[in-house]
**Q** 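Have a look at this one before I ask anything.
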Amino acid sequence: MPFTAPASTGPIGVFDSGIGGLTVVAALRELLPAEDIFYLGDTARVPYGGKGRQTIERYTLEIAELLLAEGAKAIVVACNTATALAIPKLQEIVPVPSVGVIMPGAAAAAAVTRNGRVGVIGTRATIASGAYERALRDCRPDLEVHVLACPLLVPLVEEGWLDDPVTDQVVGRYLTPLLAAGIDTLVLGCTHYPFVRESIARFLGPGITIVDSARNCALATREMLSANDLAAPADQRGSLQVALTDPSGAFLEVAERQLGLGIRDVLVRRVVAANKTEEPRISPE
Ligand code: DGL
C-alpha cells in the first residue's frame with residue numbers, strides 16, 4: 001500500500017465508521033485544545049459492527065491512507081470495532097503512532113470496579129473478537145467479565161432517537177441480564193453509545209458506574225503524543241475539520257447539537273480501494 005512518509009506536525013487523524021467517534025473528538029478537544037484534528041467518518045460503509053475481520057482491516061487501512069494524505073501525525077481509532085479487529089494490522093503497516101479505544105476503556109473499568117464484575121456492551125464484531133475480555137484480564141486477571149452485543153443501538157443512535165421510549169425499551173431488554181449478573185461497572189464498548197448514556201444510566205440506576213472510553217482514549221492520546229514528541233505547541237489554538245466518505249450523514253446535525261463541537265464545513269473524502277485484487281475465499285473467522 002503506497003503510504004506516504006509521516007509528517008511530524010499536522011493534525012491528529014481520528015476515524016470511526018460513522019459519527020460515533022465524535023464523542024472521542026469532544027474529549028480530545030477538551031483535553032488537548034492545542035491539537036488540530038482531522039476527523040473522518042466512514043459514512044459510506046457504516047456500520048462496521050456486523051462485518052468480518054478482513055473487511056474491517058481493509059477499511060481501516062484505506063481510511064488510514066486518507067488520513068495520512070491529510071498529513072496526520074498520529075491516528076486515533078475512535079471505533080471499538082476497528083480497534084478490536086484491525087489495530088495490529090494498522091500498527092504493523094502505518095508509519096505513524098496510533099491508539100485505539102479498547103485498552104484505555106478497559107483500564108479505566110478495571111480501576112473503578114469494586115466487586116470485580118464488569119459488563120461490556122458493543123457491536124457484534126467487537127464482542128465476538130474477545131478484545132475486551134483480553135484487555136480487562138490483562139489489567140486484572142481476577143475480573144469476572146460479562147460481554148453483550150447490542151446491535152440495535154447503533155441504528156437507534158444514527159436515527160437520532162437519543163431520548164425516546166423505544167430506545168429505553170431496547171436498552172432495558174439488552175441490559176437486563178447484565179443487571180442480573182451483578183455487575184457494578186459497565187463499559188460502553190462502542191463510540192455511538194455515549195449518545196444514549198442517559199437512557200442506559202436510567203435503566204442501570206445509581207449503583208453502577210458507566211465507563212465510556214472517550215475520555216480515557218483522549219488521555220492515552222496525550223501520552224502517545226508526548227512519548228513520540230509529537231505534541232502541538234501549548235500556545236497553539238487547535239482546529240477541527242470533519243470529513244465523511246458519504247455526505248449524507250444525517251446524524252451529524254444531532255451529534256453536533258449534542259456535543260457542541262462547532263463543526264462548520266464538512267468535507268467529502270472518497271475511499272479508494274486499497275486492494276483491488278480478488279478477495280480470498282470466505283473462511284470462518
Ligand atoms: N462506533 C463503532 C464502534 O465503536 C460502531 C458502529 C458500527 O457498527 O459501525 O464500534
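In each ligand, atom 1 is the first atom listed, and ligand 1 is the first ligand listed. Every value quoted in this text rests on a predicted model; they were computed, and no experiment measured them.
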**Q** Strictly distance-based, threshold 3.5 Å: is any side-chain N or O of Thr23 a donor or acceptor partner for the main-chain N or O of Gly20?
**A** yes

**Q** Counting the benzene-type ring for Trp, do Phe15 and Tyr39 have ring centres under 6.0 Å apart?
**A** no

**Q** Does an N or O from Thr123, backbone or side chain, lie closer than 3.5 Å to an N or O of ligand 1?
**A** no

**Q** Donor-acceptor pair, distance only, cut-off 3.5 Å: does the side chain of Arg134 make one with the backbone of Ser129?
**A**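 Such a contact is found between Arg134 side chain and Ser129 backbone.
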
**Q** Please determine if Gly49 has a nitrogen or oxygen closer than 3.5 Å to a nitrogen or oxygen of ligand 1.
**A**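 Yes, Gly49 has an N/O under 3.5 Å of an N/O on ligand 1.
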
**Q** Below a 4.0 angstrom heavy-atom separation, can you tell me which part of Asp16, side chain or backbone, both or neither, approaches ligand 1?
**A**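 Only the side chain of Asp16 comes within reach of ligand 1.
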
**Q** In terms of heavy-atom contacts, does CG of Asp265 have more than 12 from other residues, nucleotides or ligands at under 6.0 Å?
**A**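 For Asp265, atom CG is not crowded (no more than 12 foreign heavy atoms under 6.0 Å).
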
**Q** Take every heavy atom of Gly18, measure it against each atom of ligand 1, and state whether any distance is under 4.0 Å.
**A**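 No heavy atom of Gly18 comes that close to ligand 1.
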
**Q** Tell me the nearest of Gly100, Cys190, Gly122, Gly20 to atom 5 (C) of ligand 1, using heavy-atom distances.
**A**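 The option holding the nearest heavy atom is Cys190.
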
**Q** Does Glu70 form a salt bridge (Lys or Arg N to Asp or Glu O under 4.0 Å) with Arg269? I'd like the steps, not just the answer.
**A** CA-CA 10 Å; Glu70 300 296 331; Arg269 291 288 180 269; 2.6 Å; yes

**Q** Quick one: which of Asn216, Leu188, Val118 gives a side chain to side chain contact (heavy atoms under 4.5 Å, CB included) with Val211?
**A**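 For Val211, the side chain to side chain contact (heavy atoms under 4.5 Å, CB included) check succeeds only for Asn216.
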
**Q** So which bit of Val46 gets within less than 4.0 Å of ligand 1, heavy atoms only: side chain, backbone, both or neither?
**A**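 Just the side chain.
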
**Q** Please state which protein non-hydrogen atom is closest to atom 10 (O) of ligand 1 and give its distance, to 0.1 Å?
**A**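 Residue, atom and distance for the closest contact: Thr81 OG1, 2.7 Å.
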
**Q** Quick one: does Arg117's side chain have a donor or acceptor within less than 3.5 Å of a partner on Ala181's backbone?
**A** yes

**Q** Considering non-hydrogen atoms of the protein only, which is the closest contact for atom 3 (C) of ligand 1, and what is the distance?
**A**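 Protein heavy atom at minimum distance: Asn80 N, 3.3 Å.
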
**Q** Return a yes/no value for Thr126: is any of its N or O atoms, backbone included, closer than 3.5 angstrom to an N or O of ligand 1?
**A** no

**Q** In the protein, which heavy atom is nearest to atom 6 (C) of ligand 1, and how far is it?
**A**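 Here the closest protein heavy atom is Ser17 OG, 3.3 Å.
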
